[in-house]
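Each chain gets a letter, A, B and so on, in the order the sequences are listed, and its residues count up from 1.
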2 protein chains.
Amino acid sequence: MTKAPTASDVARRAEVSRSAVSLVLGGNAKKARLSDETQERIRKAAKELNYRPNAAGRSLVRGRTETIGLVIRDLDLIGVDPFLLPLLKGILEATRDQGYRVLVESIREGSGDPFGDLMDSGRIDGMIVENPNYGDKSLRRLIKSGRPVVVMGSQGLKEEVSVRIDDFKIGFVATEHLISLGRRRIAHIAYAESGIYAVDLRFRGYVEAMRKAGLPIEPALVTHANFSMESGYAAMLDLLGATPLPDAIFATSDAVAMGAMAAVQDAGYLIPRDIAVASVDDISAARFFRPALTTVTSEPYASGKLAAEMLIELMSGQKPGNTSALVDTRLIVRGSSVEDYSDDLLQTAREIRATK
Amino acid sequence: MTKAPTASDVARRAEVSRSAVSLVLGGNAKKARLSDETQERIRKAAKELNYRPNAAGRSLVRGRTETIGLVIRDLDLIGVDPFLLPLLKGILEATRDQGYRVLVESIREGSGDPFGDLMDSGRIDGMIVENPNYGDKSLRRLIKSGRPVVVMGSQGLKEEVSVRIDDFKIGFVATEHLISLGRRRIAHIAYAESGIYAVDLRFRGYVEAMRKAGLPIEPALVTHANFSMESGYAAMLDLLGATPLPDAIFATSDAVAMGAMAAVQDAGYLIPRDIAVASVDDISAARFFRPALTTVTSEPYASGKLAAEMLIELMSGQKPGNTSALVDTRLIVRGSSVEDYSDDLLQTAREIRATK
DNA sequence: GCGGTTTGCTAACACGAGTTAGCAATGGAA
DNA sequence: TTCCATTGCTAACTCGTGTTAGCAAACCGC
């Protein structure tokens with residue numbers, strides 16, 4: 001349990017001052033006119049001692065921590081929604097390439113000023129906030145203060161820097177797809193926690209598509225779930241109690257849709273013949289359910305990566321070119337809505353095998 | 001973009017020394033005999049300025065960062081295996097309760113001493129390593145140095161502190177279950193990256209169960225995938241080329257099994273009639289696949305929580321009572337192996353609805 | 001040999017906090 | 001009055017780093 005060596009230890013070993021060590025290892029040896037021979041001696045000593053500059057010391061004097069925070073609304077969301085995986089991967093990849101670390105935080109609700117606390121704790125230089133509640137006081141104050149924050153989703157503030165997907169379009173496209181298949185009684189499973197911008201927009205997209213097609217919004221066909229598959233199953237049980245039955249479901253996430261599909265099948269109905277299903281995210285399991293899930297990608301990997309890149313730009317001082325990026329979305333039609341779909345799965349599998 | 005206030009700012013405002021501020025806010029006012037009136041003044045000033053102690057300054061003098069590292073072998077794993085979600089949740093919950101933060105890192109392979117670099121960077125006080133490669137030089141050195149490391153899995157070192165599941169038993173139990181159903185030609189889909197302790201043990205469990213039943217291990221029935229569903233699909237295509245066909249599959253993770261099941265179904269075979277499937281993890285989707293997936297839980301949530309608790313104990317200086325915790329596992333039989341299974345899903349769903 | 005430049009290095013300060021030793025003032029006892 | 005104890009507070013050190021001003025020696029030109 002030896003303590004980590006410091007720059008002083010290196011200095012002692014190389015028989016120079018501690019300043020010299022900082023200068024050489026910081027790449028400013030030339031400016032300070034240190035002789036090649038001395039530089040070599042310092043580098044050698046550092047390597048022998050396995051010296052690694054202490055982040056706290058460095059962060060103190062530099063005023064930067066080289067770490068960003070990823071704030072996730074709810075710990076329960078972390079536990080269950082696979083949508084977070086590619087998001088996290090995108091963020092980790094982009095930050096790692098730039099030498100940043102990622103601190104994952106969940107916000108405890110209703111406690112003072114959690115966003116400010118995290119931002120000014122001196123642990124991070126900036127943060128990415130995943131789909132926060134719309135109108136969160138603590139977050140809004142932070143954004144207005146001009147600190148480096150990238151919102152995934154939106155708070156509707158002119159000061160904010162955000163990565164959004166067109167959630168209205170998502171709701172509209174998914175619903176319109178179901179309508180185009182001749183479905184009339186289209187149910188919607190939204191999130192129980194309202195107040196999340198993305199979720200509300202998807203609902204509005206659904207409403208607009210229905211209205212455009214001249215279809216009524218039936219309150220009995222609009223229900224709620226949280227982000228878990230279990231809650232999707234439960235919500236579907238409610239919908240299966242409606243008469244007449246819905247002939248299609250638009251669920252607000254793949255996880256919820258998977259729960260709902262299981263409920264439909266357990267009740268003895270066929271997908272898509274009796275009930276067609278469409279949802280949002282394209283998590284990896286969506287292709288492997290049978291029938292495979294028709295879904296609108298929310299491009300979590302690309303979004304995460306983009307958010308991290310924008311944040312890094314922001315932290316470097318410059319306002320990014322566009323303060324609001326809109327990630328493209330795309331409807332992926334699969335067997336849960338169209339009977340005779342055929343996937344590119346076989347092709348993908350062949351490619352995988354080829355690279356083995 | 002106002003700068004965060006420091007203890008000096010608070011001191012100035014309260015018209016006291018900076019020391020007094022540290023003493024009061026650090027809870028040592030009594031020891032230093034500061035008058036109640038002064039204490040009040042300091043607390044008021046701190047609140048008015050919205051003062052938050054800087055983590056770097058504090059960590060420097062205290063020698064602790066109040067942050068732990070979670071090291072995940074591979075970024076690609078993060079992107080796709082839902083098994084990580086409950087694990088992450090367990091770790092976040094346990095650490096948050098104790099005032100710790102979590103830094104998520106992936107290790108870049110083959111680069112010097114990545115574990116040592118992270119540990120001695122001054123960013124973290126200890127780390128949890130998720131299923132590292134067996135025999136990793138950098139990690140083993142770190143463990144032997146006695147620093148606070150909890151391994152999920154094992155490196156087989158006497159110095160290590162680990163949270164393990166009985167992977168041999170997992171492999172054995174899953175395979176034995178398939179055998180008990182009368183299956184004889186049981187295939188195994190392992191991980192392509194060998195060298196991971198857990199993975200190798202599962203394979204040995206499989207071998208032992210087969211041996212005990214007097215069944216041969218056929219090389220053509222042992223194949224590999226990585227952690228993705230895609231690779232499970234591809235691996236299954238290989239197995240479907242075997243003659244005669246396997247009549248059961250033991251896959252090393254649910255994600256891989258899901259890919260494999262899709263391939264089986266796409267080829268026109270019925271699960272479990274033609275081919276039974278069992279795997280490991282019990283990710284949330286396992287219950288919602290149809291047929292639902294027979295699996296041995298690896299209890300990722302409990303494991304993560306336990307690992308975090310052990311690490312915190314370790315960081316506080318004391319050696320934990322047991323340096324090697326074994327998380328219990330359990331076979332969950334569902335429709336992918338037994339035709340007429342019935343789940344408690346309906347009951348669960350009713351409970352969810354009841355709490356709404 | 002003197003003034004000026006260049007070379008090679010270090011002392012000293014700063015960052016923001018926690019902690020200890022000890023100063024000054026007051027109070028009480030002898 | 002003198003001595004000691006207590007009260008209320010702060011100066012000064014520490015942690016590990018980055019950076020700047022500047023010291024001493026060597027070198028150059030005349």
Check your understanding: Can you check the Lys31(A) NZ to dA21(D) C1' distance for me, whole Å?
Key -> 12 Å
**Study point:** Minimum-distance pair of heavy atoms, taken over all atoms of Gly122(A) and Asn54(B)
**Key:** CA-ND2, 3.8 Å
Study note, to complete from the structure: Taken to the nearest whole Å, CG/Leu23(B) to C1'/dT19(C) is 7 Å
Exercise for review: Could you tell me the separation between the CG atom of Asn54(B) and the P atom of dG16(C), rounded to a whole number of Å?
Suggested key: 7 Å
**Study point:** Under 4.0 angstrom between Asn28(A) side-chain N/O and dT19(D) OP1 or OP2
**Key:** yes
Review point. Between dT14(D) atom C1' and Arg58(B) atom CZ, what is the distance in whole Å?
Key: 16 Å
Practice item. Establish, with yes or no, whether the OP1 or OP2 oxygen of dG18(D) is under 4.0 angstrom from a side-chain nitrogen or oxygen of Ser22(A). Key: yes
Review point. Given atom NZ of Lys30(A) and atom P of dG8(C), what is their separation to the nearest angstrom?
Key: 14 Å
Point to revise | Check: Ser59(B) side chain, dA17(C) base, donor-acceptor under 3.5 Å | key: no
Exercise for review: For Arg18(B) and for Arg18(A), find the nucleotide of DNA chain D with the closest heavy atom, then tell me which residue's nucleotide is more 5'.
Suggested key: Arg18(B)
Check your understanding: How would you label the contact of Thr38(B) with the nucleic acid (heavy atoms, under 4.0 Å): base, sugar-phosphate, or nothing?
Key -> sugar-phosphate
**Study point:** Student check: side-chain heavy atoms of Met152(A) and Ile128(A) closer than 4.5 Å
**Key:** yes
Check your understanding: What is the distance, rounded to the nearest whole Å, between atom CZ of Arg62(A) and atom P of dG16(D)?
Key -> 17 Å
Practice item. Inspect the contact between Arg73(A) and Asp136(A) and indicate whether a charged nitrogen and a carboxylate oxygen are less than 4.0 angstrom apart. Key: no
Study note, to complete from the structure: Of dG18(D), dT10(C), dC9(D), the nucleotide closest to the side chain of Val61(A) is dG18(D)
Point to revise | Nearest-0.5 Å distance that lies between atom CD in Glu105(A) and atom CZ in Arg96(B) | key: 9.0 Å
Review point. Side chains of Thr67(A) and Arg123(A): is there a donor and an acceptor less than 3.5 Å apart?
Key: no
Practice item. Looking at every strand, decide which applies to Arg64(B) at a 4.0 Å heavy-atom threshold: base, sugar-phosphate, or nothing. Key: nothing
**Study point:** Beyond-backbone contact of Gln155(A) with Tyr197(A), side-chain heavy atoms, under 4.5 angstrom
**Key:** no
Review point. Does a nitrogen or oxygen in the side chain of Ser17(A) sit under 4.0 Å from OP1 or OP2 of dT10(C)?
Key: yes
Review point. On a plain distance test, is the side chain of Ser19(B) in donor-acceptor contact with the base of dA12(D) below 3.5 Å?
Key: yes
Check your understanding: If only side-chain N and O atoms of Ser35(A) are considered, is one of them under 4.0 Å from the OP1 or OP2 phosphate oxygen of dC9(C)?
Key -> yes
Point to revise | Sugar-phosphate only, base, or nothing, as touched by Ala56(A) at under 4.0 Å among non-hydrogen atoms | key: nothing
Review point. Once you round it to whole Å, what is the distance between P of dC9(D) and CD of Gln39(B)?
Key: 9 Å
**Study point:** Closest-nucleotide 5' rank along DNA chain D - winner of Arg33(A) and Ala20(A)
**Key:** Ala20(A)
Study note, to complete from the structure: Asp125(B) atom CG is separated from dC15(D) atom P, nearest whole Å, by 18 Å
Exercise for review: Scan Val16(B) against the nucleic acid and name what it touches under 4.0 Å (heavy atoms): base, sugar-phosphate only, or nothing.
Suggested key: sugar-phosphate
